[in-house]
*Asks:* 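The following block contains the structure, expressed as structure tokens.
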Amino acid sequence: MSSLRAARTLLAPRSSLLSSRALHAAAAAPAAAGRWGNAPPPPPAPTPCPGPSSRAGIAGAVSFSLTFATVAVAEVQAKERLPTDLLPRNVVLYQYQACPFCNKVRAFLDYHDIPYKVVEVNPLSKKEIKWSEYKKVPILTVDGEHLVDSTDIINILQHRISPDDEVTNEEETKWRKWVDEHLVHVLSPNIYRTTSEALESFDYIAKHGNFSYTERFAVKYAGAAAMYFVAKKLKKKYNITDERASLYDAANTWTEALNGRNFLGGSKPNLADLAAFGVLRPIRYLQSGKDMVEHTQIGEWYQRMEDAVGEPSRIPEGQYQE
């Protein structure tokens, strides 16, 4: 698989992939205007959905920020590309790069090859989302309409790109809920388990988050120290006695649910696969993620998901057409 990726990278330089994606998005825009264009002004923003309680200062701003894994750069055949008439237009994701819930949304967009712009939000000032009454991320705008909460965003997009699919899959629904209510809660106690692991995570956050030069030092060291202690409280809150054991148990629970299938969705990923992959992607190459792959059987599924989601459909800055 690695040799195949290397060959594809040599044969298809990233610049040509991005140019192709830009042309694809430009061609899709007129056809999609009837469905997605001319959106009315957005309704008043809803009250933020229940989530982890906010923390004061740096710890609160990044309590759910995790280091994210390097995304595969090869195009793969498993990608679910949409007909141009169903392709959403002018999609903008307001996010923290390392947030697991933002990664859920990105996994959905990447898998369906929906071009999107990213606005990285400063978690301290949140100045990039001052226009919104909803003060959490992710926020996704589609032709001016703004959507909030990762699960709701995905539900709405899924309905719009598959308007005739009214079948409710109970297994898929069950495991999407499990991702949101269990899997995500074992992550913070693991990535902030020790001071060295906390620093490992915040080193990435400081470098790749939307921080000024003077903020980076404080974010890395003060944030890591704060989250080390917050993780201890989360461990108690969710009745976790052994951090790694809880992570391994969650990984094993997921692989057992696959029941021999390549994906929970069978031959291709479903929304539960994308959700689990999205929240795990930030930790994959941290020590906790490496340990998880070494001590469980989840690595093979994760690799299949990485191949299926494929090349990010994010539009680089400077190429996005307003």
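Quick note: numbers below take in every heavy atom, side chains included, and nothing from hydrogens, waters or symmetry partners.
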*Asks:* Name the residue from F263, F277, W254 that meets the ring-ring contact (aromatic ring centres under 6.0 Å, His included) definition with Y302.
*Replies:* F277
*Asks:* Using side-chain heavy atoms (C-beta onward) and a distance below 4.5 Å, is Y94 in contact with V118?
*Replies:*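 A side-chain contact under 4.5 Å is absent here.
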*Asks:* In Å and rounded to the nearest 0.5 Å, what is the CG to CG distance from L140 to L109?
*Replies:* 6.0 Å
*Asks:* Could you tell me if the side chain of P138 sits less than 4.5 Å from the side chain of I153, heavy atoms only?
*Replies:*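 SC-SC contact between I153 and P138 confirmed.
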*Asks:* Between F108 and I161, is there a side-chain heavy-atom distance shorter than 4.5 Å?
*Replies:* yes
*Asks:* Will you find, in the side chains of N103 and R106, an N or O donor that is under 3.5 Å from an N or O acceptor?
*Replies:* yes
*Asks:* Any salt bridge linking K290 with E197? Criterion: basic side-chain nitrogen under 4.0 Å from a carboxylate oxygen.
*Replies:* no
*Asks:* Using a distance-only test with no angle check, is there a side-chain donor-acceptor pair under 3.5 angstrom linking N252 and E256?
*Replies:* no
*Asks:* Mind checking whether L199 and I283 sit in one hydrophobic cluster, side chains of I, L, V, M, F, W, Y counted as touching below 4.5 Å?
*Replies:*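 Looking at the clustering, I283 is in a separate group from L199.
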*Asks:* Assigning hydrophobic clusters by single linkage (Ile, Leu, Val, Met, Phe, Trp, Tyr; side-chain heavy-atom cutoff under 4.5 Å), is Y228 placed with I191?
*Replies:* no
*Asks:* Can the ring centroids of F202 and Y192 be said to lie less than 6.0 angstrom from one another?
*Replies:* yes
*Asks:* How far apart are the C-alpha atoms of V279 and V179, what are their side-chain angles, what is the distance that settles it, and do they pass the side chain to side chain contact (heavy atoms under 4.5 Å, CB included) test?
*Replies:* CA-CA 8 Å; V279 302; V179 169; 3.8 Å; yes
*Asks:* Say whether W301 and N262, considering side chains only, have a donor N or O and an acceptor N or O under 3.5 Å apart.
*Replies:*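 Side-chain D/A pair, W301 to N262: absent.
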*Asks:* Any sub-3.5 Å donor-acceptor pair from D273's side-chain atoms to L264's backbone N or O?
*Replies:* yes
*Asks:* Check the pair I114 / L87 against side chain to side chain contact (heavy atoms under 4.5 Å, CB included), numbers first and verdict last.
*Replies:* CA-CA 7 Å; I114 298 172; L87 193 67; 4.2 Å; yes
*Asks:* Answer yes or no: is there a side-chain heavy-atom contact under 4.5 Å between E120 and Q97?
*Replies:*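 The answer is yes, as the side chains (C-beta and beyond) meet within the 4.5 Å cut-off.
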*Asks:* Has N190 got a side-chain atom pairing as donor or acceptor with L187's backbone, closer than 3.5 angstrom?
*Replies:*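 Pair absent, no side-chain N/O of N190 close to backbone of L187.
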*Asks:* Would you please say whether a donor-acceptor pair under 3.5 Å links the side chains of E243 and S246?
*Replies:* no
*Asks:* Just jot down the side-chain contact (heavy atoms from CB on, under 4.5 Å) partners of T253, sequence neighbours excluded, or say none.
*Replies:* W175, W178
*Asks:* Would Q287 and E200 count as having a side-chain donor-acceptor pair, cut-off 3.5 Å?
*Replies:*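 Their side chains do not contain a donor-acceptor pair, so the 3.5 Å distance test is not met.
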*Asks:* Supply the atom-to-atom distance S201 OG to M227 CE, rounded to the nearest 0.5 angstrom.
*Replies:* 8.5 Å
*Asks:* How long is the span from the CD1 atom in I156 to the CD atom in Q158, to the nearest 0.5 Å?
*Replies:*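 Between I156 CD1 and Q158 CD, I get 12.0 Å after rounding to 0.5 Å.
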*Asks:* Can you tell me if E171 has over 12 outside heavy atoms packed within less than 6.0 Å of its CD?
*Replies:* yes
*Asks:* To the nearest 0.5 Å, what is the distance between CD (E306) and CZ (R281)?
*Replies:*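 Answer rounded to 0.5 Å: 8.5 Å.
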*Asks:* Kindly indicate whether the side chain of V121, heavy atoms from C-beta on, has any atom under 4.5 Å from the side chain of K127.
*Replies:*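 Heavy-atom side-chain distance check fails, nothing below 4.5 Å.
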*Asks:* Tell me if a side-chain donor or acceptor on E215 pairs with a main-chain N or O of S212 at a distance below 3.5 Å.
*Replies:*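 Indeed, once roles are kept as given, a pair shorter than 3.5 Å links the two residues.
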*Asks:* Identify, with sequence neighbours excluded, every residue that meets side-chain contact (heavy atoms from CB on, under 4.5 Å) alongside N155.
*Replies:* T151, D152, R176
*Asks:* Would you say Y238 ends up clustered with L280 if hydrophobic residues are merged whenever their side chains have heavy atoms under 4.5 Å apart, either directly or through other cluster members?
*Replies:*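 Result: yes, single cluster for both.
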*Asks:* What pair of heavy atoms forms the shortest contact from K104 to S150, and how long is it?
*Replies:* NZ-OG, 3.1 Å
*Asks:* If you define the side chain from C-beta out and look only at heavy atoms, does anything of V219 sit under 4.5 Å from I205?
*Replies:* yes
*Asks:* Would you say that K136 contacts D149 through its side chain, given a criterion of any heavy-atom pair below 4.5 Å between the two side chains?
*Replies:*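 Not touching, per the 4.5 Å side-chain cut-off.
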*Asks:* Between F101 and V184, what is the shortest heavy-atom contact and its length?
*Replies:*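 Looks like CZ-CG2, 3.7 Å.
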*Asks:* Find the distance between NZ (K220) and CG (D203) and round it off to the nearest 0.5 Å.
*Replies:* 4.0 Å
*Asks:* Shortest non-hydrogen contact from S313 to D110?
*Replies:*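 So the two residues come closest at N-OD1, 2.9 Å.
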*Asks:* Hey, is the main chain of G265 close enough, under 3.5 Å, to the side chain of K268 for a donor-acceptor pair?
*Replies:* no
*Asks:* Which heavy atom in P189 sits nearest to a heavy atom in L234, and how many Å separate them?
*Replies:* CG-CB, 4.2 Å
*Asks:* Between Y221 and V230, is there a shared hydrophobic cluster once you connect ILVMFWY residues whose side-chain heavy atoms come closer than 4.5 Å?
*Replies:*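 Y221 does not cluster with V230.
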*Asks:* Under the side chain to side chain contact (heavy atoms under 4.5 Å, CB included) rule, what do I139 and I129 come out as? Steps first, then yes or no, please.
*Replies:* CA-CA 9 Å; I139 299 173; I129 56 173; 4.0 Å; yes
*Asks:* Quick one: closest heavy-atom pair of V186 and A250, and the distance?
*Replies:* CG2-CB, 4.4 Å
*Asks:* Using only atom types and a distance under 3.5 Å, with no angle test, would you say the side chain of R160 pairs donor to acceptor with the backbone of L157?
*Replies:* no
*Asks:* Between E128 and N210, is any side-chain donor less than 3.5 angstrom from a side-chain acceptor?
*Replies:* yes
*Asks:* If you take all heavy atoms of P115 and V91, which pair is closest and at what distance?
*Replies:*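 For P115 versus V91, the nearest heavy atoms are O-CB, 3.6 Å.
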*Asks:* Is there side-chain contact between R244 and R193, with heavy atoms separated by less than 4.5 Å?
*Replies:*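 When only atoms from C-beta onward are counted, R193 and R244 do touch, with a gap below 4.5 Å.
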*Asks:* Determine, step by step, whether L274 and V309 satisfy the side chain to side chain contact (heavy atoms under 4.5 Å, CB included) criterion, reporting the C-alpha distance in whole Å, the side-chain angles of both residues, the deciding distance to 0.1 Å, and the verdict.
*Replies:* CA-CA 8 Å; L274 291 171; V309 172; 4.0 Å; yes
*Asks:* Side chain of K117, backbone of L93: donor and acceptor closer than 3.5 Å?
*Replies:* no
